[in-house]
Amino acid sequence: MSRRAYPVHNWWAEIAIGVAVSVVATLMLITLWASSGGESVNLLFFLVPGIAFGARAANQYRNRHLARAAA
């Protein structure tokens with residue numbers, strides 16, 4: 001299956017998964033940092049890893065569905 005043939009509903013699901021995982025990962029990092037008594041830091045310190053986790057989860061979702069469609 002080519003990238004052009006990737007269904008639209010999978011795009012929306014991929015975006016939703018990426019955003020949800022990013023938000024949850026960012027909130028978990030903030031909670032862990034606050035509970036450990038860490039000093040004040042910039043929000044980007046938490047956002048960058050959170051977005052990276054979300055992008056990875058969305059990529060895994062896409063690869064699973066492309067592999068399933070190609071089989």
Holding to side-chain contact (heavy atoms from CB on, under 4.5 Å), I want the full list of residues that pass it with Ala25, two or more places apart in sequence or in another chain. Phe53

Where do Ser22 and Gly54 come nearest, in terms of heavy atoms and distance? OG-CA, 3.3 Å

Reported CD-to-CZ distance for the pair Glu14 and Arg64, which is rounded to 0.5 angstrom: 11.0 Å

Going only through I, L, V, M, F, W and Y residues with side-chain contacts under 4.5 Å, is there a path from Leu29 to Val41? yes

Atom pair OG1/CZ of Thr26 and Phe45 - distance to nearest 0.5 Å: 12.0 Å

What's the spacing between Ile17 CD1 and Asn10 CG if we round to 0.5 Å? 9.0 Å

My understanding is that only residues two or more places apart in sequence, or in another chain, count here; which of them pass side-chain contact (heavy atoms from CB on, under 4.5 Å) with Val19? Ile15, Val23

Could you list who else is in Val24's hydrophobic cluster, with ILVMFWY side chains joined at under 4.5 Å, directly or through other members? Met28

Any link between Leu47 and Trp33 through a network of hydrophobic side chains (Ile, Leu, Val, Met, Phe, Trp, Tyr) touching at under 4.5 Å? yes

